[in-house]
Amino acid sequence: MTERKLLIDTNVFIGLEDQREVAPEFAELLQLCNQHNIHVFVHDAAFEDIARDTNIARRSVSLSKVRKFELLKNVSRPPRAKLEQQFGLMPKPNDVVDVALLHALDIGAVDFLVTEDQGIHGRALRATPPLADRVLTVVDAVAWLRASFEPTRVILPFVEEMPAHSLDQTDDIFDSLRQGYPNFDQWWRNKCVREHRPCWAVTINNDLAGLVVRKEETHAEAKTKHPGPKILKVCTFKVKPKYRGEKLGELLLKQVLWFAQKNAFDLVYLTTFSDQKVLIAVLLYYGFEKTGVNELGEEIYEKPLSRDRVRPGPEDNLFDLARTNYPRFVGRPPADAFIVPIRSEYHDILFPELAKRIQEDLFGLHNSSRERRTPGNTIRKVYLCRAPTSRLKPGSILLFYRSRSQGYLASQSVTSVGVVETVNTASSVDDLVRITAKRSVYSEEQLAEFRARDAHPVKVIDFLLIGHLDPPMKLVDLNREGVFTGHPPQSICYLPAPRFRPVQARMSFGFEV
């Protein structure tokens with residue numbers, strides 16, 4: 001297979017080898033690259049960046065670090081005006097360097113750019129979404145390397161609910177919280193433990209990997225910009241650093257939003273310091289808005305919720321409405337619905353939480369109470385197929401139909417609902433790797449099995465997971481209620497509104513579809 005090439009920004013490689021303790025995800029990035037023959041480059045523009053450091057001693061050390069990596073040099077650049085047209089204005093010298101990195105990525109000199117600079121991520125997104133999918137954070141890069149070359153290591157844990165007093169207060173997940181909040185231990189004992197505050201915890205091999213502490217408040221308590229009145233405060237949102245590549249933050253955010261929506265909360269809010277740029281970017285993506293700063297200097301982010309139908313205006317982008325109103329989406333025209341038949345083995349890869357839950361149902365182990373544990377690491381997913389349809393567009397509704405599978409109660413059923421973000425085509429394995437890196441749960445070997453080529457390209461569908469039908473809608477019901485008019489479809493097919501309605505009626509997601 002093609003040898004992959006990573007271009008790393010200065011904020012990554014300096015972090016790798018400075019005098020501070022090496023962050024675990026930085027160290028793992030280099031370790032995995034070395035193990036799997038991934039070439040790691042720095043751009044010769046990095047020298048320009050470092051040369052502006054007025055601290056001579058520090059500049060000398062930084063330059064010595066650059067020379068330990070392969071150098072990507074003499075990359076031709078178009079005129080400044082053309083670069084600015086594509087990537088945005090460059091008023092400062094460091095902007096010129098940032099754009100040089102993106103240009104090298106855009107022309108294919110490297111497969112991926114790894115950077116912690118959210119400004120570069122933003123520039124890539126403004127240029128084109130496909131380019132943005134190839135700009136990775138360190139934890140994104142680690143996750144891609146694991147999925148591509150070490151798929152057997154992937155463990156998808158459950159989010160478990162438990163009271164605060166059942167957690168070990170000495171666990172190192174709390175260390176950074178103590179640094180940011182001097183009275184953390186007192187707050188934990190007097191508020192969380194004494195009040196039996198509910199928590200969502202993610203454990204991996206008995207290790208506390210991620211944690212959310214929640215509290216229901218009134219508007220008088222919350223003092224939020226939005227009135228509520230039923231308000232869910234996220235008191236603590238934390239993922240242990242060594243697990244950041246597992247996308248547990250997205251898993252926990254999905255848990256928060258699905259819970260709040262199904263339980264008729266009017267508002268979700270949290271506070272965070274401004275240096276938590278990755279968390280803030282995710283919050284903004286899913287419709288949170290910054291509404292102020294509290295007395296501790298934390299920024300306040302609020303997301304209003306509604307049970308009403310999302311009604312688009314004539315100029316609205318249907319996907320953007322789904323993203324900012326998540327988990328609500330436009331479930332009626334002009335949004336079209338499509339049945340997506342998916343083979344059992346790929347269904348288990350894409351929706352591992354259902355594979356687990358269905359097996360529990362089969363052996364009589366499923367808990368039928370109101371609260372069900374629903375794992376799965378991502379909201380944003382990717383589906384690969386060779387469907388000939390060209391009707392899919394951002395905002396289209398996907399209804400995933402699991403094909404016949406021995407031993408599963410949800411065999412031959414519509415199980416899950418998604419909303420299309422983008423549709424791309426891949427004509428080679430290289431295309432598939434580059435397009436799917438941020439979301440793929442496939443190894444590079446599995447991607448090669450799709451045999452993408454010019455004559456037979458693979459359709460790459462990025463989508464948001466909205467939720468799962470509970471229970472799934474079985475084939476007998478799909479036929480009886482007119483969703484299917486014969487044999488189940490063998491490829492993605494359009495579903496007219498009258499045939500979509502019986503599925504729509506089963507979407508108990510906490511809002512009108």
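Sequence positions, counted from 1, serve as the residue numbers for this chain.
With Ser396 contributing its side chain and Lys393 its backbone, the two residues share a donor-acceptor pair below 3.5 Å. The backbone N or O of Arg328 lies less than 3.5 Å from no partner atom in the side chain of Asn325, so there is not a single donor-acceptor pair. Remark: side-chain polar atoms of Gln255 are not paired, donor with acceptor, to backbone N or O of Val159 under 3.5 angstrom. Listed for the Arg332 side chain is a donor-acceptor partner under 3.5 Å among the backbone atoms of Val513. A donor-acceptor pair is defined here as one N or O able to donate and one able to accept, closer than 3.5 Å; such a pair exists between the side chain of Arg307 and the backbone of Phe265. Proximity of a side-chain donor or acceptor of Asp106 to a complementary backbone N or O of Leu102 within less than 3.5 Å is not detected. The backbone N or O of His226 sits less than 3.5 Å from a side-chain atom of Glu302, completing a donor-acceptor pair. The main-chain N or O of Cys33 is never found under 3.5 Å from a side-chain atom of Arg4 such that the two would form a donor-acceptor pair. The backbone N or O of Val135 sits less than 3.5 Å from a side-chain atom of Lys438, completing a donor-acceptor pair. Remark: side-chain polar atoms of Lys290 are not paired, donor with acceptor, to backbone N or O of Ile280 under 3.5 angstrom.
Legend: residues meeting salt bridge (charged side-chain N to carboxylate O under 4.0 Å, His left out) with Asp95, ordered by chain and number and at least two apart, are Arg123. Applying the ring-ring contact (aromatic ring centres under 6.0 Å, His included) test to Phe338 and every residue at least two apart in sequence or in another chain returns Tyr494. Legend: residues meeting salt bridge (charged side-chain N to carboxylate O under 4.0 Å, His left out) with Arg59, ordered by chain and number and at least two apart, are absent. Applying the salt bridge (charged side-chain N to carboxylate O under 4.0 Å, His left out) criterion to Lys277, with sequence neighbours excluded, gives no partner residue. Judged as a ring-ring contact (aromatic ring centres under 6.0 Å, His included), and not counting sequence neighbours, His39 has no contacts. Residues passing the side chain to side chain contact (heavy atoms under 4.5 Å, CB included) test with His36, sequence neighbours excluded: Leu32, Ile38, Phe149, Glu150. Evaluation of the side chain to side chain contact (heavy atoms under 4.5 Å, CB included) rule for Asn94 yields Asp49, Arg52, Lys92, Asp98 as partners, not counting sequence neighbours. When the ring-ring contact (aromatic ring centres under 6.0 Å, His included) test is applied to Phe47, no partner is found at least two apart in sequence or on another chain. Taking Ala452 as the reference, Leu432, Val458 meet the side chain to side chain contact (heavy atoms under 4.5 Å, CB included) condition, with sequence neighbours excluded. With sequence neighbours excluded, no residue satisfies salt bridge (charged side-chain N to carboxylate O under 4.0 Å, His left out) with Asp316. A search for ring-ring contact (aromatic ring centres under 6.0 Å, His included) contacts involving Tyr286 returns Tyr326, not counting sequence neighbours.
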> What do the steps show when you test Lys82 against Gln86 for side chain to side chain contact (heavy atoms under 4.5 Å, CB included), and what is the final call?
Replying inline: CA-CA 6 Å; Lys82 185 175 181 180; Gln86 183 176 8; 5.7 Å; no
> Yes or no on side chain to side chain contact (heavy atoms under 4.5 Å, CB included) for Val212 and Val234, after CA distance, side-chain angles and deciding distance?
Replying inline: CA-CA 7 Å; Val212 164; Val234 178; 4.0 Å; yes
>> Is there a side chain to side chain contact (heavy atoms under 4.5 Å, CB included) between Ile397 and Phe500? Walk through the geometry before answering.
In response: CA-CA 10 Å; Ile397 303 159; Phe500 173 44; 4.0 Å; yes
>> Could you walk me through whether Glu116 and Asp9 satisfy the side chain to side chain contact (heavy atoms under 4.5 Å, CB included) test, starting with their C-alpha distance in whole Å, then the side-chain angles of each, then the deciding distance to 0.1 Å, before giving a yes or no?
In response: CA-CA 8 Å; Glu116 298 296 289; Asp9 191 6; over 6 Å; no
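Shown here for Leu465 and Lys254, the closest heavy-atom pair between the two residues is CD2-NZ, 4.0 Å. A pairwise comparison of heavy atoms in Phe319 and Pro394 identifies CB-CB, 3.9 Å as the closest pair. Scanning all heavy atoms of the two residues, the minimum distance from Val114 to Ala141 falls at CG2-CB, 4.0 Å. Here the closest heavy-atom approach between residue Met90 and residue Leu83 is recorded as CE-CB, 4.2 Å.
Looking at His43 and Val97, their side chains never come closer than 4.5 Å, going by heavy atoms from C-beta outward. Between Ile8 and Val42, the closest side-chain pair of non-hydrogen atoms falls below 4.5 Å. For the pair Ile349 and Gln446, the minimum side-chain heavy-atom distance is below 4.5 Å. Counting heavy atoms from C-beta on, the side chains of Leu232 and Asn263 never come closer than 4.5 Å. The shortest side-chain heavy-atom distance between Leu305 and Val268 falls under the 4.5 Å cut-off. Contact annotation: the side chain of Tyr346 never approaches that of Leu384 to less than 4.5 Å [non-hydrogen atoms, C-beta and beyond].
A salt bridge is absent between Lys5 and Glu70: the closest approach of a Lys/Arg side-chain nitrogen to an acidic carboxylate oxygen does not fall below 4.0 angstrom. In summary, Arg434 and Asp111 engage in a salt bridge, as defined by a charged side-chain N under 4.0 Å from a carboxylate O. Ion pair Glu421/Arg380 flagged as a salt bridge, since at least one NZ, NE, NH1 or NH2 atom sits closer than 4.0 Å to an Asp/Glu carboxylate oxygen. The pair Asp140-Arg134 does not count as a salt bridge, with every side-chain nitrogen at least 4.0 angstrom from each carboxylate oxygen.
Side chains of Thr224 and Lys233: a donor-acceptor N/O pair is absent below 3.5 angstrom, by distance only.
Of the inter-residue distances, the one linking Gln261 atom CD with Phe511 atom CZ reads 6.0 Å to the nearest 0.5 angstrom. Taking CG of Leu29 as the start and CG of Asn34 as the end, the distance is 9.5 Å to the nearest 0.5 Å. Atom CG of residue Leu101 and atom OG1 of residue Thr10 lie 7.5 Å apart, to the nearest 0.5 angstrom. Here the CG-CZ distance, from Leu321 to Arg323, works out to 9.5 Å after rounding to the nearest 0.5 Å. Here the CG-CG distance, from Leu72 to Leu6, works out to 12.0 Å after rounding to the nearest 0.5 Å. Taken from CG in Leu464 to OG1 in Thr378, the straight-line distance is 10.0 Å, to the nearest 0.5 Å.
Here ring-ring contact (aromatic ring centres under 6.0 Å, His included) pairs that include residues 111-144, with residues two or more places apart or in two chains, are Phe112-Trp144.
Glu512 CD: more than 12 foreign heavy atoms inside a 6.0 Å radius. A 6.0 Å sphere centred on CG of Leu296 holds more than 12 heavy atoms belonging to other residues, nucleotides or ligands.
Between Phe463 and Phe351, the two ring planes are perpendicular [angle over 60°; tilted spans 30° to 60°]. Aromatic ring orientation, Trp258 versus His468: perpendicular (interplanar angle above 60°, classes split at 30° and 60°).
Between Tyr301 and the options Lys303, Glu298, Glu299, a side-chain hydrogen bond (donor to acceptor under 3.5 Å, both in side chains) holds for only Glu299.
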